[in-house]
Amino acid sequence: MVEKALFAIFMDGIFIKNFLLIQFLGLCSFVGVTKDVKSAAGMSGAVVFVMALASTVSYMIYNYILVPTKMEFLDLISFIVVIAALVQLVEFVVRKNIPSLYRSLGIYLPLITTNCAVLGVVLLNVSSEYNFIQSVVFGISAGLGYTVVMLMMSGIRERSTFVNVPSSIRGLPQAFFIATMLSMAFVNYFWVIPI
Amino acid sequence: MDPLSEYIRGITRDNPIFGLVLGLCPTLAVTTSVENAIGMSAGTAFVLVCSNIFVSALRKQIPSAVRLPIFIIIIATFVSIVKMIMQAYFPPMYAALGVFIPLIVVNCIIIGRAEAYANKNNVFYSFIDGLGTSTGFLLVLMLIGGIRELLGTGQIVTFDHTLITLPINPSVTTMILPPGAFLTIGSLMAIVNYQRAKKRAKGG
C-alpha cells in the first residue's frame, strides 16, 4: 500500500470521497432527517462519534483477532455485530453520564446501526488497507464530510419549505433536485483540484 | 390472499423504491449501467428471498425481544455467501460493485421485509413476497441504469451485446456521474407522484 499523507486522507474523507454526495452511503438519513437543521445536526454529531469509534474498534478486531486466526471471511458478520453493540454501549454511557447530550442525540443512535455510512467506512478502511492512524483519521473525516453535507442540505430544505412548487414535486423529488445541485458542485469543484 | 397478487404487489404498490422509499444507497450508487444494475439486483434478490424464507421458517422460535440482531445475523450470513460467490466467479462485476456487495447487509429493504412481512407470514408467502420485492427492485434499477447509461454514453451495452444505440450521441457525462443519479431518481419520483395524484383524483 502506498503511504498516503494523513492530510490527503482527511481531505478525501470530507470532500473528494464525500459519503453522501459522491459515494451514496447513508442516503436514508440524508433524505429522512434533513427536514430541519436541528435534527440534522443531532444525527451528524452521533454519526461522527460512532464512525470514529467504529473505525478504531473494527481495526483492532480485524487485525488482532480475525487476521491471526485466518478468519477474514467473517469480517462482515463481526463488523455488523460490533457496530450494533457499540451503538448500544454508547447509548448506555451517554444516557447515564451526559443526560443533556442523550436528550439531543438519543433518538438518532438506534438509527445508526443500519446506517450504511458507518459500515461503509469500516469496509473502506479494510479494503484500502489503512493502518491504525489512517483508519481513525478517515473515520473522523468521513463523519465531518457527512456533517457538512447534512447541514447544507437541511439549511436549504428548511428555507425552501414555503417555495411554491407543483404538488407532485413537493417533498422527496424536491430534496433530490437540491441534492443534484449540491452533488454537481462537489463533483465539478473537487475533482479538478488534485490533492 | 392469492400468490399472484402478492407477487404483483411487490412490483407496484409496495415497490421498494417508489412505494416504500427503502434502499436508496445501492439504487443510486450502482446504476451507472444496466449491467451493474442487474448484478446488484441479482445479489439483493438472492439475499432477500433466502432471508425471507429463513426468518419465516424460524419466526415461532425467534424471541421478539432479540429479533432484530437475529435478522441481521441471518442476513449477514447470506450476504457473505453472495460476496464470496461474486468474488470467485464474477470478478469484474465484483470490482464494479465494490463496497456495495457487502453493504447489502444494511439494505433497509431486506430487514424491512423480514420485520414487516416474513416475521408474520408463512414460508410460501414470504418466498413470493421476496420474489415480488426483488422483481420490483430489479425493474427500478434497470430503468434508472438504462436512462443514465443511454444519456451518458449514447448506448446500452449489456454483457457484450449492444442493445440500443442513439442516432446522435448526447454524451451528457454528468448522467453517469453522481449528480445524474439524483436527477434521474428525482424526476422519476415526480412522475410517479403525478400519476398517483391523477389516479387518486379520478378514483375519488
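What's counted below: heavy atoms across the whole structure, side chains too, no hydrogens, waters or symmetry copies. A note on names: the letters A, B, ... follow the listed sequences, proteins ahead of strands, and every chain is numbered from 1.
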From A:S168 OG over to B:Q195 CD, what is the distance, rounded to the nearest 0.5 angstrom?
9.5 Å
State, to 0.1 Å, how close B:L24 and A:F176 come at their nearest heavy-atom pair, and which atoms those are.
CD1-CZ, 4.0 Å
Could you tell me which non-hydrogen atom of A:C116 sits nearest to which non-hydrogen atom of B:L103, and how far apart they are?
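Nearest heavy atoms, A:C116 then B:L103: O-CD2, 3.8 Å.
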Tell me, side chain or backbone of B:T77 under 4.5 Å from chain A's heavy atoms, or both, or neither?
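Both parts, backbone and side chain.
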Given a strict heavy-atom distance threshold of 4.5 Å, which part of B:T184 is in contact with chain A: side chain, backbone, both, or neither?
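Neither part.
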Tell me, for [X] versus chain B, whether the close heavy atoms (under 4.5 Å) come from the side chain, the backbone, both or neither.
{"X": "A:Q174", "result": "neither"}
{"X": "A:L76", "result": "side chain"}
{"X": "A:V118", "result": "neither"}
{"X": "A:A84", "result": "neither"}
{"X": "A:L20", "result": "backbone"}
{"X": "A:F79", "result": "neither"}
{"X": "A:L21", "result": "both"}

May I ask you to test the [X]-[Y] pair for a side-chain heavy-atom distance under 4.5 Å?
{"X": "B:V99", "Y": "A:S127", "value": "no"}
{"X": "B:Y194", "Y": "A:I169", "value": "no"}
{"X": "B:S187", "Y": "A:F177", "value": "yes"}

Greater than 12 external heavy atoms within 6.0 Å of A:I133's CD1:
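At most 12 heavy atoms, drawn from other residues, nucleotides or ligands, come within 6.0 Å of this atom.
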Between A:P173 and the options B:V192, B:I185, B:N193, B:L188, the side-chain contact (heavy atoms from CB on, under 4.5 Å) test singles out B:N193
